[in-house]
Asks: 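After the structure tokens below, expect a handful of questions from me.
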Amino acid sequence: MITVKRLTLEDALVLLQAAERKAQEIGVAETICVCDDGGHPIALHRMTQARITGVEIAIAKAFTAAGHRRATHRFNQPPSGPALPGNEAFGIHAMHPGRFATFVGGFPIEVDGAVVGGIGVSGGNGQQDTAVATAAVEAFQRHLDSTAA
């Protein structure tokens with residue numbers, strides 16, 4: 001038997017609020033999804049003026065980051081990104097059509113070395129999506145550190 005840590009809605013709100021603060025700071029309207037370790041959305045937030053297409057993209061990024069336990073951009077990092085043509089995971093996105101993202105903006109959420117969920121951000125360019133997601137994950141870690149018993 002194992003003990004499993006789970007993200008709560010309250011945890012997801014910490015992530016969403018930090019992500020929105022960063023998005024506002026850099027002037028981009030983002031859609032942010034936080035999912036559990038099974039890739040199921042806990043919370044989704046589409047900022048005012050964020051593109052409607054960002055909803056499904058953010059969900060896919062969060063799903064991929066949680067389910068595969070790695071940042072989504074790592075699938076396509078040259079020269080040996082596993083999802084690039086000719087590499088071992090080329091075509092992996094076809095295994096979960098519409099749900100598997102192999103581009104920038106999805107990050108796993110870890111607690112004590114275990115992936116407990118994922119965050120997906122869509123609406124800016126790759127650098128902006130990364131900055132927003134990274135700010136959220138860092139804020140969540142600070143939150144955990146401040147509430148540790």
Side-chain angles (χ1 to χ4, degrees), residues 4-84 87 89-90 92-93 95-96 98-149:
V4 178
K5 294 181 187 272
R6 296 258 185 244
L7 288 176
T8 64
L9 177 59
E10 292 74 22
D11 296 328
L13 291 174
V14 169
L15 288 146
L16 290 180
Q17 290 165 356
E20 183 171 12
R21 276 193 305 274
K22 183 64 174 181
Q24 289 172 337
E25 176 187 314
I26 64 176
V28 63
E30 298 272 23
T31 299
I32 307 122
C33 178
V34 176
C35 71
D36 64 18
D37 60 332
H40 303 286
I42 297 170
L44 177 74
H45 180 62
R46 185 166 69 98
M47 295 173 63
T48 302
Q49 300 299 315
R51 292 180 224 133
I52 60 170
T53 55
V55 172
E56 294 302 321
I57 295 169
I59 292 170
K61 289 178 180 183
F63 170 85
T64 303
H68 223 68
R69 301 181 189 141
R70 69 166 62 178
T72 55
H73 67 271
R74 290 187 51 214
F75 286 98
N76 287 318
Q77 281 182 330
S80 61
L84 293 173
N87 290 337
F90 177 66
I92 194 169
H93 64 282
M95 297 306 299
H96 295 279
R99 296 193 68 202
F100 204 93
T102 59
F103 43 88
V104 174
F107 292 85
I109 300 166
E110 296 184 36
V111 175
D112 298 331
V115 173
V116 297
I119 184 167
V121 178
S122 179
N125 62 35
Q127 186 176 12
Q128 291 166 324
D129 290 356
T130 296
V132 170
T134 300
V137 171
E138 290 171 353
F140 182 62
Q141 187 58 56
R142 287 191 302 275
H143 170 75
L144 290 177
D145 293 344
S146 73
T147 58

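Computed from a predicted model, the values in this text were never measured in an experiment.
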Asks: Check salt bridge (charged side-chain N to carboxylate O under 4.0 Å, His left out) between Glu25 and all other residues, then give those that pass, not counting sequence neighbours.
Replies: Lys22
Asks: Out of curiosity, Asp36 CG to Phe63 CZ, how far, rounded to the nearest 0.5 Å?
Replies: 10.5 Å
Asks: Which heavy atom of Gly117 sits nearest a heavy atom of Leu7, and at what distance?
Replies: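 Residues Gly117 and Leu7, closest heavy atoms: CA-CD1, 4.0 Å.
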Asks: Roughly how far, to the nearest 0.5 Å, is SG of Cys35 from CD1 of Ile109?
Replies: 7.0 Å
Asks: Who are the salt bridge (charged side-chain N to carboxylate O under 4.0 Å, His left out) partners of Asp145, not counting sequence neighbours?
Replies: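 Here no residue qualifies.
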Asks: With side chain to side chain contact (heavy atoms under 4.5 Å, CB included) as the criterion, how do Thr31 and Arg51 come out once you've worked through the C-alpha distance, each side chain's angles and the decisive distance to 0.1 Å?
Replies: CA-CA 8 Å; Thr31 299; Arg51 292 180 224 133; over 6 Å; no
Asks: What distance separates His40 NE2 from Ile42 CD1, expressed to the nearest 0.5 Å?
Replies: 10.5 Å
Asks: Kindly write out the residues that satisfy side chain to side chain contact (heavy atoms under 4.5 Å, CB included) with Val104, not counting sequence neighbours, or none if the list is empty.
Replies: His73, Thr130
Asks: Can you give me the closest heavy-atom contact between Ala139 and Ala18, atom names plus distance?
Replies: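 In this case the closest contact between Ala139 and Ala18 is CB-CB, 3.3 Å.
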Asks: Apply salt bridge (charged side-chain N to carboxylate O under 4.0 Å, His left out) to Asp37 and list each qualifying residue two or more places apart in sequence or on a separate chain.
Replies: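 Partners of Asp37 under the salt bridge (charged side-chain N to carboxylate O under 4.0 Å, His left out) test: Arg6.
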Asks: Look up atom CD in Gln141 and atom CG in Leu15, then write down how far apart they are to the nearest 0.5 Å.
Replies: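 One gets 10.5 Å once the value is rounded to the nearest 0.5 Å.
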Asks: What are the two closest heavy atoms between Ala65 and Gly106, and how far apart are they?
Replies: CB-C, 3.7 Å
Asks: Given 3.5 Å as the limit, does a donor-acceptor pair link the side chain of Gln128 with the main chain of Gly123, or not?
Replies: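 Pair absent, no side-chain N/O of Gln128 close to backbone of Gly123.
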Asks: Shortest non-hydrogen contact from Asp129 to Val121?
Replies: OD2-O, 3.2 Å
Asks: Within this structure, what is the CG-CZ distance for the pair Leu16 and Arg21, rounded to the nearest 0.5 Å?
Replies: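 Spacing of CG (Leu16) from CZ (Arg21) equals 10.5 Å.
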Asks: Report the residues that fulfil side chain to side chain contact (heavy atoms under 4.5 Å, CB included) with Ile52, sequence neighbours left out, ordered by chain and then residue number.
Replies: Arg46
Asks: Could you tell me which residues satisfy side chain to side chain donor-acceptor pair (under 3.5 Å) with Thr8, sequence neighbours excluded, listed by chain and number?
Replies: Glu10, Asp11
Asks: Any idea which heavy atoms bring Ala136 and Ile119 closest together, and the distance?
Replies: CB-CD1, 3.6 Å
Asks: How far apart are the closest heavy atoms of Val28 and Gly124, and which atoms are they?
Replies: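 Between these two residues, the closest heavy atoms are CG2-CA, 3.6 Å.
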Asks: Say you draw a straight line from CG of Leu13 to NE2 of His45; how long is it, rounded to the nearest 0.5 Å?
Replies: 10.0 Å
